[in-house]
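Numbers restart at 1 for each chain; the letters A, B, ... are given by sequence-line order, proteins then strands. What you see below is based on every heavy atom in this structure, not just the backbone, and it leaves out hydrogens, waters and symmetry mates.
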There are 2 protein chains.
Amino acid sequence: MKASGSAGNAGRIVTLRDVAKLAGVSVATASKALNGQPQVRAETRTRVLAAAEQLSFFPNALAQGLIGQRTGTVGLLTSDLEGRFSIPILMGAEDAFGSGQTSVFLCDARGDAIRERHHLRALLSRRVDGLIVVGARPDTRPSLGRDLPVPVVYAYAPSDDPADLSLVTDNVGAGRMATGHLLDCGRRRIAHITGDPAYGAAQDRAKGTLDRLAEEGLELAGGQVWFGMWSEAWGRGATRMLLRRSPDVDAIFAGSDEIARGVLDVLHQEGIDVPSQVAVMGFDNWAILAANARPPLTTIDMNLELLGRLAAQRLFAAIDGTLGSGVESIACRLVTRDSTAPVG
Amino acid sequence: MKASGSAGNAGRIVTLRDVAKLAGVSVATASKALNGQPQVRAETRTRVLAAAEQLSFFPNALAQGLIGQRTGTVGLLTSDLEGRFSIPILMGAEDAFGSGQTSVFLCDARGDAIRERHHLRALLSRRVDGLIVVGARPDTRPSLGRDLPVPVVYAYAPSDDPADLSLVTDNVGAGRMATGHLLDCGRRRIAHITGDPAYGAAQDRAKGTLDRLAEEGLELAGGQVWFGMWSEAWGRGATRMLLRRSPDVDAIFAGSDEIARGVLDVLHQEGIDVPSQVAVMGFDNWAILAANARPPLTTIDMNLELLGRLAAQRLFAAIDGTLGSGVESIACRLVTRDSTAPVG
DNA sequence: TACGGTCCTGAAAACGTTTTCGGTCTCGGG
DNA sequence: CCCGAGACCGAAAACGTTTTCAGGACCGTA
């Protein structure tokens, strides 16, 4: 019964020797013919190609990788596969590498440092050409170290070593952008309800908001940034407090779409119309939440797929020679829906 | 500037020869010492191990794979990375393989058949030990073929070739389970609003529902299965029609959590209390939708992570010899929250 | 001292490619 | 006829391991 059901294991695996023999040439010539080397007669080449076709030969990438210094593989080291942030990045990266020459090893460390070391060892032993490290949350994370034999690009969560190259969301710019949009809508009494203050992203978005307001000589409605949690419940609670303290607020910028849903909920309960009385903005552009809200939420999209694609491109460039360093910020994108509109 | 920034490429890569030289033995002995072969003196072994440690040696997996018939890699061929269904499966599989011996190649074919062929070729040329094919939607998909040199397990979307092994959600059972739960709650006038009838999953869940009702001598409230689309809007529209036709309905089983949200919405608008007047069930256990609904949704979890883990285990078994065939159904799990409760 | 045995070690082959280098063949020109 | 130049091909080395097999050292026994 051994391996009998094993999908009809179609005989021995065909190797270059078989092709060469069938074509009546040496392996060397066969190799050159298949790789488009010039020093082989046209007639010979076609004979080899025909033989390869007939045997449906494809080269053993392991043997190729063993010789050259390129294996055509990269490692994608994520800390949190279930997180909805790493997926688009991963997609973007996968997309950039394409089904061309490179294949991607996916490793999820589950946020565990030793599991990460394990995966790293495994990837290095498989001689990947490079690594992309995708963080679970947008905060600084420990570097993998400087003495790795391959280039590394950090995505979403920057490395704590400035000598590494990191690609991150421009959260300060996003805060500015969101606030700018609300200002463009003619709002002047703008509040900001956001999540866990331990998240750098929360701090940065708040900073962008405050900066932009300061440029207009304005202050935050409610007198503070409402830090709390990344949950709908906190959005509700904070909104109630906010309304009590500053009933004249005319715009609320939420730190996430979830929070924004909570905000909308309380505004509805209070009979406050969105957007005519209060404009509401979310963050993340999480389709299922933002697009199905009532009214649909204006929000900020972090362009995570783009970030992933760029990370892959930077890594390619690095494999071919040069790797920059420092932190590169990717601009966010404003997605306007119905929850914001000009006053009047 | 060439490769100068390249993460401090720490000298030449250390190979077994280096270890052997440092330990003063041959590569053969070094290999045996590192691999725990018995025919090497203890003193020699420790010397080799020390040398390996000192040089921080790790073996080249390509060379190892070239020799043995096992590379310790598997391919994960998904059709739809953004889909929220493939991710848990992928996690389960990644989890089962662990950070142990096996590494996972992730390939997203984007639902494109020729891209899939491309990926397949690439994976085979990398000599993966096996493949898991994850479908985008729970319907039959074309087999990769019988003459592959490695075992294949299909997950979520079954192969159209019964000789292949497929692991799928037991949608009929899920329909039975949901309906059974509503019956347990004392409901008798149960309606079923679901999505696109072109989905086998929709048909199967409906079948399970009808079967279970028939066992009780009951018929579907509303007189039909309400097929439509997998959207909140359809949930709303269908509920309005249902209420017009059968105002006495006392339970609604929705084919997805999104549809269920639409159902809840209309029930609220009509002033119908959930669950005291009408019980509502969703499907998918999509946390952000189900848990944050008001009231939180009782729903069905497809156990996708388990499915992924099982797929990986089946593949392992196949690599070691035997691969079954046919379709294996994975039972779903009832998640009770507040949207269903016994009558009275 | 010879001998069978045990224990350990190393040389060499193998895996499937690519690449280098030397060789053969042809051909045209002197 | 000889020679140099191409053009084309194949032998062999290389990549880094594992594994097989032969042989050396050492021991105890006869």
Rounded to whole Å, the CG-P distance (A:L16 to C:dT19) equals 12 Å
Is the backbone of A:F58 close enough, under 3.5 Å, to the side chain of B:S125 for a donor and an acceptor to pair up by distance? no
field: A:S31 vs C:dT17: side-chain N/O to OP1/OP2 distance below 4.0 Å
entry: no
Check: Reckon A:T15 touches a base, only the sugar-phosphate, or nothing at all at heavy-atom distances under 4.0 Å?
Finding: sugar-phosphate
**Asked** Would one find a side-chain N or O of B:Q64 under 4.0 angstrom from OP1 or OP2 of D:dT18?
**Response** yes
Nearest-nucleotide check on DNA chain C, B:Q39 vs B:L66; residue mapping nearer the 5' end is B:Q39
From CZ of A:R127 across to P of C:dT17 the rounded distance in Å is 20 Å
note: B:K21, atom NZ; C:dG10, atom P; distance rounded to Å ~ 14 Å
* Does some side-chain heavy atom of A:L304 sit less than 4.5 Å from a side-chain heavy atom of A:T169? -> yes
On DNA chain D, more 5' by nearest nucleotide between A:V27 and A:P38 is A:P38
When rounded to whole Å, the CG to C1' distance for the pair B:L62 and C:dC15 reads 12 Å
Test side-chain contact (heavy atoms from CB on, under 4.5 Å), reference B:C107, set B:L76, B:L123, B:L120, output is B:L123
To the nearest angstrom, the CD-C1' distance between B:Q69 and D:dT18 comes to 11 Å
Per atom distances to the B:Q37 side chain, the nearest of D:dT19, C:dT18, D:dA11 is D:dT19
From the candidates D:dT19, C:dT17, D:dA11, the one with an atom nearest any side-chain atom of A:N60 is C:dT17
Going by the angle between their ring planes, with limits at 30° and 60°, are B:F316 and B:F97 parallel, tilted or perpendicular? perpendicular
Here the distance between atom C1' of D:dA11 and atom NZ of A:K32, to the nearest Å, is 10 Å
Looking only at side-chain N and O atoms, does B:S26 come under 4.0 Å of OP1 or OP2 in C:dG10? yes
Atom CZ of B:R41 and atom C1' of D:dA25 are separated, to the nearest Å, by 10 Å
In whole angstroms, the gap separating C1' of D:dT17 from CG of B:N35 amounts to 9 Å
Steps toward salt bridge (charged side-chain N to carboxylate O under 4.0 Å, His left out) verdict (A:D95, B:R110)
CA-CA 9 Å; A:D95 209 19; B:R110 297 273 191 282; 3.2 Å; yes
Margin query: If you compare every side-chain N and O of B:T44 against the phosphate oxygens of C:dC8 (OP1, OP2), does one of them come in below 4.0 Å?
Written below: no
